[in-house]
Amino acid sequence: MTAAAGAVPGVRGGMRRRRWARMSVPYLLALVGSAWMVILFLIPLISGLTVSLMTGDVEQGYTLTWNFGIYGELFGPGADVPYTLFLGRALLYGATATLLTIAVGYPMAYYVAFRVRPRWKTPLLSLVLVSFLVSFIIRTDMWAFLLGGQGPLLSLLHRLGVGADFHILGTPAAVIGGLAYNSLPFMVLPIYVALERIDPRLFEAASDLYASPRSVFLRTTLPLSRSGIFSGILLVFIDCAGDPVNAQLLGGKSTYLIGQAIQDTYLTQQSYNVAAALSTVLMIALGVILFAYARVFGTDNIEDLV
Amino acid sequence: MSPENDPALRRGLTQARLSRRGLLRGAGALGGAAALSALLAACSIPGTDRNAAAADAIDWTRWWAAKRKAGVLDFANWPLYIDQDDKGNSESLTRFTAATGIAVSYKEVIQDDPSFYAKIAPLLRAQQSTGYDLMVITNGWQLTELIDNGWLAQLDHTQLPNFAKYADTSVLFPAYDPGNLHTTVWQTGFSGIAYNERLTGGPITSWDDLLHPRFRGKIGMFSDNTEYGNAALLAVGVEPTKATRDDWKKALRWLERLQPNVAKFYDQGYTDALQNGDIWISQAWSGDVYQVQAGGHDEIRFVTPEEGQTMWHDAMCIPITARHPVDALAWMNYYYQPETAGLVEDYVNYVCPVPAAKDYILNTIGDAPVANSPLVFPTPQTLAKSHEMYVYRDYADYAAWNAMFDPIAQA
């Protein structure tokens, strides 16, 4: 290289160009991803925030007046509509549903990862996903039928002597159950992926070191599958906390959630600033909760979580 | 290759690289720029007031004279809202095409008024075509908005002789569109009371019956505040179209008394809930109850309450930006013949706007249950007890209504 460099004019420029090309590769590769983030995340986020600070109505139009007071009006002590309650309720239902999916999904994923023959794994995982072949709304509506007053479940319970006033539909339990049911695959799959990656020889090693089956699970399996639980929680909790559909179809008159409030203020009341403020607050609340959670239970190294 | 000659290592040791901090700073600057541009782009959302004045200034006779028949009609309607055979073909549309040479592209795209309005409003605001020449919108805030914003074409009634000849008086002179200037009715429906006779153990005859403590947690109401607000106005003896703010307050107090009895505010699914016993009594649409009864559930009854029931209209209208308005007008006129209205009505079973269709359904189609149903062709006594709903004067009026009645359903 050094021998030829002096002989051919223009080579230094060529080298610089090549170096630039080499250096820019990672940024070019990241271009699509960054554009995605900017167009579909950052701009909507900023414009949502901006709209929330506007005042006006659909007839007069909305203008940006930096009306930060709206957050106090909606969530402060003197609020006309108890949005804080709707938000708190949504976070509570979402968290409960997430715990429920872990309780149900972890054993499922564990069973498929370790307790079945390899040729059964794909069919069993497909079974987890098969419910996605039916529309989300129809699946939820079928639960309304199953849990209904004279549906199969309550008929059975009434025959077994449960009081005639007992009902499931319209209660928080029905909404939480619906949320958990609809997002179960989002918990099972990441946990399965995490479990599948664990080298089974680690269990043998743990047993060789006189660990009981219980401590093998608690000190080896569970910590190594933490990344799966973490991604599962992200997918399920965010989804559940903003969902308006389950509460609409399975809930009653005291299960109104922030997701429904956002939908109603935007589509029905056409108060764009209120709808934007509500979604901003929901997003911030989710962000703070998940950040705190990642700090406390997550790892320092983000790669451990992927 | 020895380690010290590895070009990657050499590069790493000698060339300046972006630190994570630097990268974040760069990303921050880029994001900031993007944010700023988004901010500038979204600094205001234009209002709709100025469009209204523009539409009033249009000379509609000349507007229609300048339009030509295109032979195409894009028709937006609700699901299951026209006659259809098993293959999805509509006899009424086929006959229309044969008679006029206008090919119809029929789309079932309207699930509810607010979300359909949200889809078309940005296009109409930008004076662009929505892709539809004819759409069916329920009389309510969104229809009032479409009219007030000047987004609907004023109809050329000289091209609607069948409407003048066959339309029932109940669909003429509507409060929401005086003089049928912008709309003609596709279907009417009654919002009355449905109940499961096996569970209530006796007839329900009035809105006030719903207040009985026996029905605690057994009542369903619609989640739409226009529906339960107007029902409550009737319950306290107020004519909804003439209601004042004080009347609203009376209605609100009635709803507050009713609330402990309400199990749920329904968008849909109340007929299933009535059949399976989740609720015993519900605010109900006549057409839904007709379908349930036709399905063999005689225990579900529909009643026009003593205090009266509200009447809603799904209205056909033509967006001002429609590409084929003449074709849309031709369909409106064609629909108002007894034969066409009869074909549609025999399938749809709400309230027919063309009384003469009854003979056609009875004698030509031969479907006596539909023709003789008081839910499809109501008696004059029923019509006398059916009231138009309150018409919102403007957005502020609508916002005040929401502020008053929303807390009932949003507990």
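Lettering of chains follows the sequences in order, A, B, ..., and the numbering in each one begins at 1.
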Side chain / backbone / both / neither for [X] at chain A, heavy atoms under 4.5 Å:
| X | value |
| --- | --- |
| Tyr395(B) | both |
| Gln275(B) | backbone |
| Asp224(B) | neither |
| Tyr117(B) | side chain |
| Ala399(B) | neither |

Would you say [X]'s side chain and [Y]'s backbone share a donor-acceptor pair under 3.5 angstrom?
| X | Y | result |
| --- | --- | --- |
| Ser135(A) | Ile137(A) | yes |
| Ser52(A) | Ala277(A) | no |
| Tyr228(B) | Phe405(B) | yes |

Atom group of [X] that falls short of 4.5 Å from chain B, counting heavy atoms:
| X | result |
| --- | --- |
| Gln270(A) | both |
| Ile39(A) | neither |
| Gln248(A) | both |
| Ser271(A) | both |
| Val58(A) | both |
| Asp264(A) | side chain |

Could you walk me through whether Tyr392(B) and Trp401(B) pass the ring-ring contact (aromatic ring centres under 6.0 Å, His included) test, one step at a time? CA-CA 8 Å; Tyr392(B) 305 110; Trp401(B) 176 281; 5.5 Å; yes
Under-4.0 Å salt bridge between Asp148(B) and Arg393(B):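 Between Arg393(B) and Asp148(B) there is no salt bridge, as every charged N stays at least 4.0 Å from the carboxylate O atoms.
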For the residue pair Trp248(B) and Tyr390(B), is the inter-centroid distance of their aromatic rings smaller than 6.0 Å? yes
Can you tell which of Val262(B), Asp272(B), Asp113(B) has the highest number of heavy-atom pairs within less than 4.5 Å of chain A? Val262(B)
Using only heavy-atom distances, determine whether the side chains of Glu59(A) and Asn149(B) contain a donor-acceptor pair under 3.5 Å. no
ring-ring contact (aromatic ring centres under 6.0 Å, His included) evaluation trace for Phe222(B) with Phe265(B): CA-CA 5 Å; Phe222(B) 285 126; Phe265(B) 292 87; over 10 Å; no
